Amino acid sequence: MNIKYNVTTKPQQKPQDESNLGFGKIFTDHMFIINYNPQDGWHNGRIEPLGDLCLHPASPVFHYAQEIFEGAKAYRRPDGQIQTFRLEENCRRMNRSAIRAAMPPLDEDFQYEAIHRLIDLDRDWVPHSEGTSLYLRPTMIADGKSLGANSATEFIYFVICAPSGAYYAGGMKPVRIRIEERYARAVKGGMGSAKTGGNYTASFKATKEAQDAGFDQVLWLDGRTQTCVEEVGAMNMFFVLDGKVVTADLGDTILPGITRKSVIHLAKAKGYTVEERKIPLEELLEAHANGKLQEAFGSGTAAVISPVGELNYDGKPYIINNNEIGPVTMDFYNTLTNIQFAKAEDPYNWTDIVKEYER
Ligand code: PLP
Ligand code: COI
């Protein structure tokens, strides 16, 4: 499959002030887009000026939320080049989500090349300031026109890019998390491990209520018994429990985070005992009471490593590490971001430089 280029004749002004990019609010000049239908399969892959999509109001994406997406980043290296981090993992997860959502997979090497070509064309948009990056949002939606409650037969895959700063407006500072016991995000056999828009819709009401009450996010409990902690709205959770690094095991209710996988790898390399298992809320609260809950942090592409300063359950605050960034959290943040930004060696081959492609 080849990729056609239609380069804009009207490039936009790039943000002058990188200190206030926000997250996912400014977009680059181009997008990648490719269509699918049963006769031609995936076809007409092209990079073109970023623009609106034109969809029929009966397009199934509007009615049945048949949609999946990914989140990845491109980082500016000290030598001025640009690199991606474990992007092949995002392409693989995209296809796992596609299969769960009854959508057609798109060749992973092709996804990877399309994304690298798009970053290459918009490379001047990758910001330079500390902590900033180019956020990449590959997305697949159902297209066509049919109100029948069945999978669509036509689809669109596209990728847009957003120069971004910190996901949490406060930057790298401990967040306050409410443990959610009234609503559920995912249940066994459902879509929780797929990166599909509906999972986020399911979490918005609880998140808004938590934010209105002064919290940053909610921590979800397992949907069936609501006794074990699972993950946060946009990140996986880690706890430092009596010196061990503990995270919820994967199943069909948790997003298998690429940052999570990287933290587990780093933790083992640093000599920590790592436990991937069910984490009863009761155990966490007891560990807090006994001083054994030493640190908590979230991991995610957008959130990076995000220290948790407070878990709030049933109106009661459980303050962690004095509401300060703990040494283990800081160490993972530094090790991970040093690899992502090429400030340290990449012993695991997780990063790839974006080459200059012929067009
Ligand atoms: N869990 C949820 C629900 C997420 O939205 C994300 C973000 O992508 C993560 C976990 C972390 O995944 P990753 O590290 O691949 O970004
Ligand atoms: C990411 O970290 O890439 C995500 O997808 C989180 C997003 C929902 C803001």
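What you see is a predicted model; the values in this text were computed from it and never measured. Both counts, for ligands and for their atoms, begin at 1 and track the order of listing.
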Taking only Lys NZ, Arg NE, NH1 and NH2, and the carboxylate oxygens of Asp or Glu, determine whether R123 and D120 approach each other closer than 4.0 Å.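 A salt bridge is present here (some side-chain N lies under 4.0 Å from a carboxylate O).
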
Between E70 and K195, is there a salt bridge with N-O shorter than 4.0 Å?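 Answer for the salt bridge query: no.
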
Are any of the heavy atoms in K195 under 4.0 Å away from ligand 2?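 Checking ligand 2 against K195, which is what was asked, there is a heavy-atom contact under 4.0 Å.
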
Can E70 be said to touch ligand 2, with heavy atoms closer than 4.0 Å?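 Flag not set, E70 not near ligand 2.
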
Could you tell me, atom by atom, which parts of ligand 1 come under 4.0 Å of a heavy atom of [X]?
{"X": "R93", "answer": "12 (O), 13 (P), 15 (O)"}
{"X": "G233", "answer": "2 (C), 3 (C), 5 (O)"}
{"X": "G300", "answer": "11 (C), 14 (O), 16 (O)"}
{"X": "G257", "answer": "12 (O), 13 (P), 14 (O), 15 (O)"}
{"X": "S299", "answer": "11 (C)"}

Answer with yes or no whether [X] contacts ligand 1, where contact means a heavy atom under 4.0 Å from a ligand atom.
{"X": "E89", "value": "no"}
{"X": "K195", "value": "yes"}
{"X": "R185", "value": "yes"}
{"X": "G71", "value": "no"}

Applying a heavy-atom cut-off of 4.0 Å, say which part of R137 lies close to ligand 2: side chain, backbone, both or neither.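 The answer is the side chain of R137.
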
Any nitrogen or oxygen of A302, side chain or backbone, less than 3.5 Å from one on ligand 2?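 Yes; the residue has a nitrogen or oxygen that sits under 3.5 Å from a nitrogen or oxygen of the ligand.
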
Below 3.5 angstrom, do we get any N/O pair linking Y200 and ligand 2?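 In fact, backbone or side chain, Y200 has no N or O that close.
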
Would you mind checking which non-hydrogen protein atom is closest to [atom], with the distance to 0.1 Å?
{"atom": "atom 14 (O) of ligand 1", "answer": "T259 OG1, 2.5 Å"}
{"atom": "atom 2 (C) of ligand 1", "answer": "E231 OE1, 3.5 Å"}
{"atom": "atom 5 (O) of ligand 1", "answer": "Y200 OH, 2.5 Å"}

Counting only heavy atoms, which portion of A302 has something under 4.0 Å from ligand 1: side chain, backbone, both, or neither?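 Near ligand 1, A302 shows nothing, with every heavy atom at 4.0 Å or more.
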
Heavy atoms only, cut-off 4.0 Å: how does M235 contact ligand 1, side chain, backbone, both, or neither?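 Near ligand 1, M235 shows its backbone, while the atoms from C-beta on stay back.
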
I want to know whether F297 and F332 have ring centres closer than 6.0 Å.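 That pair passes the under 6.0 Å test.
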
ring-ring contact (aromatic ring centres under 6.0 Å, His included) between F158 and F32: does it pass, once the steps are laid out? CA-CA 5 Å; F158 63 83; F32 171 78; 9.9 Å; no

Report the relative orientation of the aromatic rings in Y112 and H116; use parallel for angles under 30°, tilted for 30 to 60°, perpendicular for over 60°.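 Ring orientation of Y112 relative to H116: parallel.
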
